[in-house]
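Notes for the one structure printed next.
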Amino acid sequence: KMASSDVPSHAAIVGAVERLQPEAINILSELVKRGSTLGNEAQSGVQEYVARTFKDLGLDVERFPIKLEDIQKHQGFSPVDWSYEGKENVVGTHNPSSSPSKGRSLTLNGHVDVVPTGPESLWTTPPFQPDVRDGRLYGRGAGDMKAGVAAFCVAFKALKSLGWQPASQVYLQSVLEEECTGNGALACVTRGYKADAVIIPEPFPWIVNAQLGVMWCQVKVQGRPAHVLDTSAGVNAIEAAYYLFSALKELEEQWNAAERPAVYKSFKHPINFNLGKMHGGEWASSVPCQTAFDFRVGFFPGVTVAEVQRQVEACIKDAAAKRGLTYTIEYSGFQAEGCEMDPKGDMMQLLGKLHKEHTGEEPKYEPVTCTTDARFFELYQHTPATCYGPEAKNIHGIDESVSLKSLQDVTCVLALFIAEWCGLEKISQ
């Protein structure tokens with residue numbers, strides 16, 4: 001793609017990234033400081049910071065609100081029971097000066113929402129005070145996935161620092177709600193943003209070739225209140241909730257034992273149902289009369305959300321009937337289909353080649369047992385998409401951290417990828 005003989009060498013690009021490592025750490029730290037948990041995204045100021053960073057890169061920046069009416073008719077939509085007040089995406093667009101553009105266009109997408117921290121007392125340093133020690137940066141969201149956002153910003157900046165820029169369109173997308181719905185990335189799709197390939201630097205130090213579907217579900221079980229002196233007169237709603245979830249765990253085992261896509265063959269137990277939230281009861285000496293529990297269901301690519309709902313509902317109905325339990329089921333959060341990506345595609349192969357060239361290690365093409373925003377681009381835009389990013393520890397756990405060496409390596413590979421995939425042109429003075 002690079003016609004001109006004086007385009008920067010791979011070594012020059014790597015050198016530019018290495019020189020910008022302090023800036024990468026600074027961007028990552030600024031992002032982590034802004035505690036962008038669900039419901040706090042606007043007040044955290046995280047998207048304002050991203051918009052400034054994109055502007056500093058010379059991109060055309062669009063900040064737009066995520067509106068339910070724009071996305072709720074779409075197949076990929078996940079329903080919510082919370083407000084979208086103040087929720088926005090930020091997209092930075094690079095348009096090449098040469099027209100028509102020489103190379104292929106690219107979207108680099110990342111989410112800046114983070115999961116809750118758990119008890120802060122368990123953290124070595126506070127979760128929203130970024131701390132660098134032993135070559136790692138600690139903080140909630142450091143790995144998942146604020147480092148990835150820092151990586152693609154710095155990859156773009158490294159090329160510009162050499163006097164070059166992509167010779168085709170590049171979109172940097174900073175989205176919300178990857179951790180609960182994916183509706184942020186969906187809003188970019190419905191707004192018409194589309195490129196020839198998508199890379200999401202989620203904290204997987206390999207090239208993702210499949211992801212599971214994920215569904216969130218809430219069940220409310222009715223008990224019958226009674227005084228503890230005669231508990232047999234009542235139905236304990238907390239015990240009933242455990243009973244229903246144990247029936248769901250049997251369904252989980254059936255799904256793991258059944259036929260599965262070849263890409264998941266080597267996994268011992270890829271499908272997981274997680275009992276993630278529970279509240280019920282109001283008095284130690286009363287039989288609790290209502291309990292609500294929220295759980296997460298994983299399922300294989302190729303299975304529809306409707307089919308998963310059908311099987312889950314049938315399982316609960318069957319178990320509840322055996323004990324005469326009354327319950328309701330609601331869906332809020334992920335209703336996300338799984339998908340497989342073609343590892344033989346141009347984007348996947350070039351990414352692997354550049355990973356090997358830079359790190360000296362063979363690229364690994366492997367699936368994940370969770371979901372990512374890659375599904376929107378693959379399933380609904382038929383655009384090749386993958387995740388490939390820095391090595392992180394304890395994502396969603398205590399003392400989350402990301403390797404700064406790995407962050408630099410991923411940034412190098414992304415910069416090299418932009419140069420080859422998009423082509424480069426001299427920045428006109």
Side-chain angles (χ1 to χ4, degrees), residues 38 68 71-82 177 179-183 186 210-224 234-261 264 267 269-281 288-340 369-372 375-376 379-380:
L38 181 65
L68 289 174
I71 56 178
Q72 60 197 4
K73 299 273 189 292
H74 194 283
Q75 187 190 343
F77 175 68
S78 290
V80 293
D81 57 10
W82 54 79
E177 289 205 5
E179 297 288 7
C180 54
T181 64
N183 287 342
L186 178 58
Q211 59 185 47
L212 291 183
V214 171
M215 184 180 84
W216 281 9
C217 188
Q218 294 80 24
V219 173
K220 286 194 178 92
V221 199
Q222 300 300 141
R224 213 173 35 248
V235 173
N236 185 317
I238 293 177
E239 288 176 11
Y242 277 108
Y243 161 72
L244 290 180
F245 191 70
S246 69
L248 287 164
K249 291 296 273 187
E250 286 171 30
L251 183 64
E252 173 195 276
E253 291 319 306
Q254 286 169 32
W255 287 5
N256 277 298
E259 254 318 287
R260 58 171 77 166
Y264 284 101
F267 284 73
H269 197 277
I271 298 287
N272 292 296
F273 290 16
N274 181 57
L275 180 55
K277 247 168 91 176
M278 197 167 193
H279 49 97
C289 64
Q290 197 179 46
T291 296
F293 64 99
D294 294 40
F295 60 99
R296 172 265 200 205
V297 169
F299 55 97
F300 289 122
V303 182
T304 64
V305 169
E307 176 59 20
V308 172
Q309 290 182 353
R310 193 188 66 73
Q311 290 195 41
V312 164
E313 286 169 22
C315 172
I316 293 172
K317 184 179 181 178
D318 186 48
K322 288 179 185 152
R323 296 209 181 164
L325 299 173
T326 320
Y327 65 90
T328 59
I329 297 183
E330 280 174 33
Y331 299 99
S332 180
F334 284 126
Q335 309 294 309
E337 292 178 77
C339 72
E340 293 188 42
T369 55
C370 59
T371 184
T372 77
R375 69 183 182 278
F376 295 105
L379 294 172
Y380 310 122

Exercise. Leu186 versus Thr181: any side-chain heavy-atom pair under 4.5 Å?
Worked result: no
Exercise. Quick one: side chain to side chain contact (heavy atoms under 4.5 Å, CB included) partners of Ser332, sequence neighbours excluded?
Worked result: Asp81, Trp82, Gln218
For this session: Please examine the side chains of Leu212 and Tyr264, heavy atoms only from C-beta on, and report whether any two atoms are closer than 4.5 Å.
Result: yes
For this session: Return the set of residues passing side-chain hydrogen bond (donor to acceptor under 3.5 Å, both in side chains) with Asn272 (not counting sequence neighbours), or none when no residue passes.
Result: His269
Exercise. Do Arg296 and Phe334 come close enough that some side-chain heavy atom pair is under 4.5 Å?
Worked result: no
For this session: Tell me, please, which residues at least two apart from His279 pass ring pair (Phe, Tyr, Trp, His ring centres under 6.0 Å).
Result: none
Exercise. For residues 234-245, which residue pairs qualify under salt bridge (charged side-chain N to carboxylate O under 4.0 Å, His left out), counting only residues two or more places apart or in two chains?
Worked result: none
Problem set entry | Test log, rule side-chain contact (heavy atoms from CB on, under 4.5 Å), inputs Lys317 and Glu313 | CA-CA 6 Å; Lys317 184 179 181 178; Glu313 286 169 22; 6.0 Å; no
For this session: Taking side chain to side chain contact (heavy atoms under 4.5 Å, CB included) as the test, write out the residues that go with Pro288, two or more places apart.
Result: Asn236, Ile238
For this session: Decide yes or no for Ile329 and Cys217: does some side-chain heavy atom of the first lie under 4.5 Å from some side-chain heavy atom of the second?
Result: yes
Exercise. Out of Thr304, Val305, Val312, which one pairs with Phe299 under the side-chain contact (heavy atoms from CB on, under 4.5 Å) rule?
Worked result: Val305
Exercise. Quick one: side-chain hydrogen bond (donor to acceptor under 3.5 Å, both in side chains) partners of Glu307, sequence neighbours excluded?
Worked result: Arg310, Gln311
For this session: Report yes if some heavy atom in the side chain of Glu252 is under 4.5 Å from a heavy atom in the side chain of Cys315; otherwise report no.
Result: no
Exercise. Does some side-chain heavy atom of Phe300 sit less than 4.5 Å from a side-chain heavy atom of Glu259?
Worked result: no
Exercise. When Phe273 is tested against each of Trp255, Phe293, Phe295 for ring pair (Phe, Tyr, Trp, His ring centres under 6.0 Å), which residue passes?
Worked result: Trp255
